[in-house]
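Report on the following structure.
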Protein chains: 2
Amino acid sequence: MNSGKITIHDISKALNIDSSTVSRALNDSPRVSEKTKERILAKASELGYQRNSLASNLRTNKTYTIGVVVPRLSRNFFSNVISGIEETAYEKGYSVIICQSLESLEREKKIMATLFSNRVDGILISTSMQTESLDHLRPYLNHGGSIVFYDRPRYFEGCTSISINDYKASFKATEHLIQNGCKRIVHFAGPQLVDLYKNRKQGYLDALQKYNIQFDASLIIESKLSEADGIASTKRALELGNIDGIYSSNDTAAIGAIKHLKMEGINIPNDIAVVGFNNDPISSVIEPSLTTINQPDFDMGKMASHMLISQIEDKTKVKDSQVLDIDLIIRASSLKF
Amino acid sequence: MNSGKITIHDISKALNIDSSTVSRALNDSPRVSEKTKERILAKASELGYQRNSLASNLRTNKTYTIGVVVPRLSRNFFSNVISGIEETAYEKGYSVIICQSLESLEREKKIMATLFSNRVDGILISTSMQTESLDHLRPYLNHGGSIVFYDRPRYFEGCTSISINDYKASFKATEHLIQNGCKRIVHFAGPQLVDLYKNRKQGYLDALQKYNIQFDASLIIESKLSEADGIASTKRALELGNIDGIYSSNDTAAIGAIKHLKMEGINIPNDIAVVGFNNDPISSVIEPSLTTINQPDFDMGKMASHMLISQIEDKTKVKDSQVLDIDLIIRASSLKF
DNA sequence: ACAAAAAATACAATCGATTGTATTTTTGAA
DNA sequence: TTCAAAAATACAATCGATTGTATTTTTTGT
């Protein structure tokens, strides 16, 4: 029936009322009498009118949309962050555009251009592992956009970040292993150009120092922390000899470690205790269940969204960067008898 | 420095060239000489010009954007589908807006309105579990939009679907249990108003029939298939007595079953074999590892995106609905000795 | 060197909604 | 009844880019 794109002008003509009045009525302006408002609203729904946001946003120079750049949707952590972001955003009347960079700088650049060109009001970004320079964010900022970094904090021209206290979490995890009797703890480190992995390494180092455990550089094994990397790193660790603990910078690699240790007939945790990071769903399913760090993913999303929106709505009220605390979830993989 | 929103008119003024020529140059039209094109492109990048898609899309009535409605991002299956969708979309020059309904009809309606109002060129949707009537899709279709259903097929006014052959998959899974000696197989069914779960149940039933296994209605336990549901259903199943197999409509509930069976000291698979559906990452981590159905998630996304875009670009070429075949991944949880 | 054809550029309307200003209508007090 | 104030509505410009048409400039053939 109504096969077309209905505009305010169609309503305007049908009722012989000026389109400016129609527009005001649809926006519930006090400048239109109740009687005409009713007529207009009735006609609008009769015709199946749906506002054209393109036109509206163009005119008002406001989209009520925020862009979210995420490295990978398939990671449980990120999908929970996104749910948090959406919760707050919808509450405040904003839509969310989600884009995944797949850890590629190339794609991240394209995404930034698209979001800019679509004039989103603000951007939440967790930069890709390849991203060093942040030059590609500059045009959007110059144009007056707001950016908040989440999960992977960056220092950049008046932008703020929200992240977890990786250092402290890492310290706690390592301390936990030490307190459970570990003396030679291997650390699976992530790519060191990512700050977050650098901090995790530092937390490990400082915990060792606090408990006067002699530092051995060969105990730090760096990789990209895939499950396969976890297995490979575990093999290398076993060659070192006398290992009694593994602290991995993520759960995925820790899972690899557990699988390999089990295959080798090594008892977890009594021979070697294992601690991961992230509290992925698998961590509670694997046997033995994995001690790990739980990050407040959903809350981080909510707060990130909150910070960004208050920045969008009042540039002067830029809040400080936030660092969230974490929980150590103690499970079977680290409790020696 | 360049703190503003640069428009084609700024370039136009700076070079004393009409804005229409600037526009054509930026779109690489043959109507502009190479020389001026160069001058314009140079000035554009000097000023940090970035096209305003709102204006452009408004004028051309085309957004090169597709909307994706997904029940839940955190499900591995869906995040893989989305990656597939994005792959094809980006290849063909389309952006993707992802929205999650969280299985709520209310949210789904809002999302449809937003996508419509943003004039996306097409929509890929997997309807929420609450969604029965599809009336809320009608305004968008009337306006000329294209919709393709993925994963959860629906029959609706000339729209097409892409889904997996749940019936066949289910038949295969049940058959596999039977061939491994199961005679009294419990089926964890999902909400029966979702077609897909209906089909899974039917596949189970027909497999039983083929092998002349007497049907017992009490063996079908319906739930929402969360892990807790899986545990509860398993308890109920055990009360029935003489159970030797469980075929669950998803992995999550199957995991619940395995956990509970292990707690009860029941041997898997020898006492009771278990088969799931989805091939979630946990299914390979749990012990015993879970036999399950692997769905071509990424490919489904690619094909869905492909179908939608060809429909957008040529309405006359609406392809038929597609039904994809699946693999049964056989693991330890179903191989009796 | 000159008209006609071709190439390059300029003009102006348009997409749909918003909004400041102007005009008309209604209200109410004298 | 009359007129100023208030309320309701109409007019017209605008957001930034696109595009059909018109105009100017250049090229080409003779």
Side-chain angles (χ1 to χ4, degrees), chain A residues 2 4-41 43-44 47-65 113-114 116-121 143-144, chain B residues 2 4-41 43-44 47-65 113-114 116-121 143-144:
Chain A
N2 307 314
K5 348 87 233 285
I6 306 297
T7 75
I8 53 170
H9 300 101
D10 298 315
I11 301 176
S12 161
K13 272 176 213 151
L15 298 174
N16 202 32
I17 292 177
D18 189 81
S19 60
S20 63
T21 303
V22 174
S23 170
R24 288 194 167 94
L26 293 171
N27 288 306
D28 203 24
S29 153
R31 280 178 57 176
V32 180
S33 71
E34 286 306 321
K35 221 179 57 184
T36 24
K37 263 185 202 169
E38 272 169 36
R39 288 176 61 209
I40 290 173
L41 259 43
K43 185 56 90 179
L47 296 178
Y49 170 80
Q50 190 84 29
R51 153 199 276 112
N52 184 328
S53 297
L54 299 174
S56 169
N57 296 342
L58 171 61
R59 181 62 229 262
T60 59
N61 199 29
K62 173 98 181 121
T63 56
Y64 282 102
T65 299
T114 305
F116 183 5
S117 141
N118 280 93
R119 298 295 189 267
V120 296
D121 293 337
H143 152 273
Chain B
N2 307 314
K5 353 95 232 274
I6 308 297
T7 76
I8 53 170
H9 299 102
D10 297 316
I11 300 175
S12 161
K13 271 175 213 149
L15 298 175
N16 203 31
I17 291 177
D18 189 81
S19 60
S20 63
T21 302
V22 174
S23 169
R24 289 195 167 94
L26 293 171
N27 287 306
D28 202 23
S29 153
R31 280 179 58 176
V32 180
S33 71
E34 287 306 321
K35 221 179 58 184
T36 22
K37 263 184 201 170
E38 272 170 35
R39 287 176 61 209
I40 290 173
L41 260 41
K43 186 55 92 177
L47 297 177
Y49 170 81
Q50 190 84 29
R51 155 198 275 109
N52 183 329
S53 297
L54 300 174
S56 169
N57 296 343
L58 172 61
R59 181 63 229 262
T60 58
N61 199 29
K62 174 96 182 123
T63 56
Y64 282 100
T65 300
T114 306
F116 183 4
S117 143
N118 280 93
R119 299 295 189 266
V120 296
D121 292 338
H143 153 273

Check: A:Ser29/A:Asn27 side-chain N/O donor and acceptor closer than 3.5 Å: no
Where is the tightest heavy-atom contact between B:Ser19 and B:Ser12, given as atom of each residue plus distance? N-OG, 3.5 Å
Counting C-beta onward and ignoring hydrogens, is there a side-chain heavy-atom pair between B:Thr7 and B:Asn52 closer than 4.5 Å? no
Rounded distance (Å) that lies between atom P of D:dT9 and atom CD1 of A:Ile8: 16 Å
As a quick check of understanding, evaluate side chain to side chain contact (heavy atoms under 4.5 Å, CB included) for A:Ile8 and A:Tyr49, giving each step before the final call. CA-CA 8 Å; A:Ile8 53 170; A:Tyr49 170 80; 3.6 Å; yes
For A:Asp10, answer base if it contacts any base atom (sugar-phosphate contacts may also be present), sugar-phosphate if it contacts only those atoms, and nothing otherwise; contact means non-hydrogen atoms under 4.0 Å. nothing
Separation of C:dT18 C1' from A:Arg51 CZ (nearest whole Å): 10 Å
Presence of A:Thr36 side-chain N/O under 4.0 Å of D:dT9 phosphate oxygens OP1/OP2: yes
Nucleotide D:dA13, atom P - distance to CZ of A:Arg59 in whole Å: 13 Å
Between B:Ser56 and D:dG16, is there a contact of a side-chain N or O with OP1 or OP2 at under 4.0 Å? no
Got a donor-acceptor pair under 3.5 Å from the side chain of B:Ser20 to the base of C:dC11? yes
Give one of base, sugar-phosphate or nothing for A:Asn52, where a contact means two heavy atoms less than 4.0 Å apart. sugar-phosphate
Just how far, in rounded Å, is P of D:dG16 from NZ of B:Lys5? 8 Å
To the nearest Å, how far apart are A:Leu54 CG and D:dT14 P? 22 Å
A:Lys13 NZ to D:dA10 C1': how many Å, rounded? 16 Å
When you compare the side chain of A:Leu15 with that of A:Val22, does any pair of heavy atoms fall below 4.5 Å? no
Are side-chain heavy atoms of B:Leu41 and B:Leu26 found at a separation under 4.5 Å? yes
Indicate, with a heavy-atom threshold strictly under 4.0 Å, whether A:Ile17 touches base, sugar-phosphate, or nothing. sugar-phosphate
Using heavy atoms and a sub-4.0 Å distance, could you list which residues of residues 23-33 of chain A are near DNA chain C? By number, please. A:Ser23, A:Arg24, A:Asn27, A:Arg31
How long is the line joining CD of B:Glu38 and P of C:dA8, in whole Å? 13 Å
Check whether any side-chain N or O of A:Ser53 sits under 3.5 Å from a backbone N or O of B:Ser117 as a donor-acceptor pair, and report yes or no. yes
Return no unless some side-chain N or O of B:Thr21 is found under 4.0 Å from OP1 or OP2 of C:dA10. yes
Whole angstrom is fine here: how far is it from CG in B:Asn57 over to C1' in D:dT19? 16 Å
Pick the closest DNA chain C nucleotide for B:Asn61 and for B:Asp18 by heavy atoms, then say which residue is nearer the 5' end. B:Asp18
